[in-house]
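FYI, side chains are in, hydrogens and waters are out, and symmetry mates aren't considered; it's all heavy atoms of this structure. Source: prediction; values computed, not measured. The chains referred to below are lettered A, B, ... by the order of the sequence lines, with proteins before strands, and numbering in each begins at 1.
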There are 2 protein chains.
Amino acid sequence: MIWRDEHGRRLDDYPQPSVAVDVALLTLDQDGRLAVVVHARPGAHEHGRPALPGTFLRVDRRETLREAALRALRDKVNVTGREPRQLAVFDDPDRDPRGRVLSVAHVDLVPPDRITGTTGVLAPVGPLPHPLAYDHERVVAAAIDHVRAAYRRLPDPAGLAGAEFTLLELQQVHEAVLGEPLQKDTFRRHTAPDLVETGRVRAGTVGKPARTFRRR
Amino acid sequence: MIWRDEHGRRLDDYPQPSVAVDVALLTLDQDGRLAVVVHARPGAHEHGRPALPGTFLRVDRRETLREAALRALRDKVNVTGREPRQLAVFDDPDRDPRGRVLSVAHVDLVPPDRITGTTGVLAPVGPLPHPLAYDHERVVAAAIDHVRAAYRRLPDPAGLAGAEFTLLELQQVHEAVLGEPLQKDTFRRHTAPDLVETGRVRAGTVGKPARTFRRR
DNA sequence: TCAATAGTGTCTCTGAGACATTATCTG
DNA sequence: CAGATAATGTCTCAGAGACACTATTGA
């Protein structure tokens with residue numbers, strides 16, 4: 001069955017764009033600060049500026065955008081992503097000199113232990129050290145907005161603190177993501193209703209042992 | 001200059017998808033309820049189910065997604081849109097029987113007087129009378145979430161109440177969008193800081209004349 | 001004067017935020 | 001016991017929400 005539109009034309013009688021995905025893969029660096037994974041082998045047309053991991057959507061494999069985002073993370077920076085989420089479509093006709101390329105920007109936030117084997121480079125967010133390729137700075141900005149909004153709503157939705165954690169550990173993760181210090185009693189009261197106690201404590205250090213929690 | 005990727009292939013050596021835009025065009029119907037504009041001439045593959053106005057992105061015209069959304073509104077339902085905003089990309093490989101079609105869903109919210117000459121049909125949102133084509137019910141749901149969030153933040157961001165309005169008129173617009181009754185004194189105190197008085201009043205009816213306001 | 005609508009004073013309740021105190025561990 | 005960290009009692013303040021009262025018009 002060949003479908004035709006109201007002008008009698010088939011789908012591929014119109015020129016089609018290329019569709020790419022780009023992923024702002026965020027994590028915490030060794031200093032506990034929010035960082036983004038970039039890779040330093042961009043196309044020659046990008047003058048060596050580091051780029052976010054990205055790839056083209058493989059229509060011939062019936063791939064979804066989510067699958068393409070996960071594949072980009074695996075192939076470009078050797079990270080198994082977790083849950084890439086769409087941010088926006090960047091569609092400036094001139095954004096890519098190779099032709100008309102729409103980019104579906106994604107964000108993913110993963111614990112640092114998933115980053116260990118990466119072939120990418122951790123760049124702390126904030127004032128980025130070097131300009132990124134394409135419009136990727138805007139992608140990173142949107143990604144940060146997204147994860148900060150999520151962390152204001154719920155305790156550690158991405159599980160950066162691991163499965164079991166003390167409230168201090170959880171607070172430090174939130175401070176890293178939000179980029180601002182938090183007050184411990186306010187933080188405790190705000191997050192406790194969404195946590196369940198494990199019944200265990202984290203001993204071995206000086207001071208009163210802290211109870212550990214899991215996310216609900 | 002012909003750019004090639006790391007496998008030595010050009011952009012169009014890979015199959016490309018078609019990219020469509022679909023617009024959930026919301027407005028208020030004559031009863032002051034939130035409604036969506038649909039058109040009843042969908043493709044034969046949609047078994048006559050009404051669809052949101054949509055069209056394919058015309059890459060050959062260097063069109064942006066925003067421009068395609070505005071063109072869809074003009075050509076399909078004869079409405080001049082205002083400010084279509086991206087919601088999400090729907091990318092299920094089977095969502096369209098004609099082939100691989102990505103749909104970039106948009107939302108726009110316009111005053112009722114822009115709808116007067118439409119060739120579309122106003123369908124009140126909520127339990128929709130008939131199922132919509134494709135995955136357009138999900139688009140409408142996302143669109144409603146979007147406009148309700150916007151109306152909870154600011155007074156009438158889409159200008160449904162016109163340029164000059166009384167607080168009662170503004171409240172009725174908000175009640176229509178949010179789908180719930182509001183309290184007049186709370187509403188007044190919440191919105192007044194974001195409004196400027198015109199100095200004029202709306203007289204002619206019974207009762208104390210109401211001052212009129214403009215959005216800042 | 002009455003009915004109708006506009007506008008405001010004020011009370012209560014809730015939750016955020018901050019300070020200070022108590023509790024419980026190690027050395 | 002001293003020092004360190006965990007956990008909580010409690011005070012204050014701001015804002016949402018609701019009720020009731022006052023103000024101003026047309027009929």
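Nearest nucleotide to the side chain of B:Ala210, out of D:dA20, C:dA20, C:dA6: C:dA6.
Position along DNA chain C of the nearest nucleotide to A:His190 versus B:Leu167 favours B:Leu167 as the more 5'-ward residue. When the nearest nucleotides of DNA chain D are assigned to B:Pro209 and A:Pro209 by heavy-atom distance, the more 5′-ward of the two goes with A:Pro209. Between B:Gly207 and A:Gly207, the residue anchored nearer the 5' end of DNA chain C, judged by the nucleotide with its closest heavy atom, is B:Gly207.
Between A:Asp135 and A:Arg95 a salt bridge is recorded (basic side-chain N to carboxylate O distance below 4.0 Å). A:Glu63 has no carboxylate O lying under 4.0 Å from a charged side-chain N of A:Arg58, or vice versa, which leaves the two without a salt bridge. Ionic pairing of B:Arg202 and B:Glu169 is present here: one or more N-O contacts between side-chain nitrogen and carboxylate oxygen are shorter than 4.0 angstrom.
One can place CG of B:Leu195 at 15 Å from C1' of C:dG7, the figure rounded to the nearest angstrom. Taking atom CZ of residue A:Phe187 and atom P of nucleotide C:dG15, one finds them 19 Å apart after rounding to whole Å. Residue A:Lys208 contributes atom NZ, which lies 14 Å from atom P of D:dT5 at whole-angstrom precision. Atom-to-atom, CZ of A:Phe213 to P of D:dA6 comes out at 11 Å; the value is rounded to the nearest Å. Rounding to whole angstrom units, CG of residue A:Leu168 and P of D:dA7 are separated by 10 Å. Across the protein-nucleic acid pair, A:Arg152 atom CZ and C:dA16 atom C1' stand 15 Å apart, rounded to whole Å. Look at CD on A:Gln171: it is 13 Å from C1' on D:dT5, rounded to the nearest Å. In this structure, CZ of B:Arg188 is placed 11 Å from P of C:dG9, rounded to the nearest angstrom.
Between D:dT10 and A:Arg189, no contact under 4.0 Å exists linking OP1 or OP2 to a side-chain N or O. Contact annotation: B:Arg211 side-chain N/O to D:dA23 OP1/OP2 distance is not under 4.0 Å. Between D:dG17 and B:Gln183, no contact under 4.0 Å exists linking OP1 or OP2 to a side-chain N or O.
Just one of A:Leu73, A:Leu65, A:Leu70, A:Leu87 meets the side-chain contact (heavy atoms from CB on, under 4.5 Å) condition when paired with A:His106; it is A:Leu65. With B:Leu102 as reference, B:Asp91 is the one residue of B:Asp92, B:Asp91, B:Asp96 to meet the side-chain contact (heavy atoms from CB on, under 4.5 Å) rule.
Contact annotation: side chain of B:Lys184 to base of C:dG7, donor-acceptor pair present below 3.5 Å.
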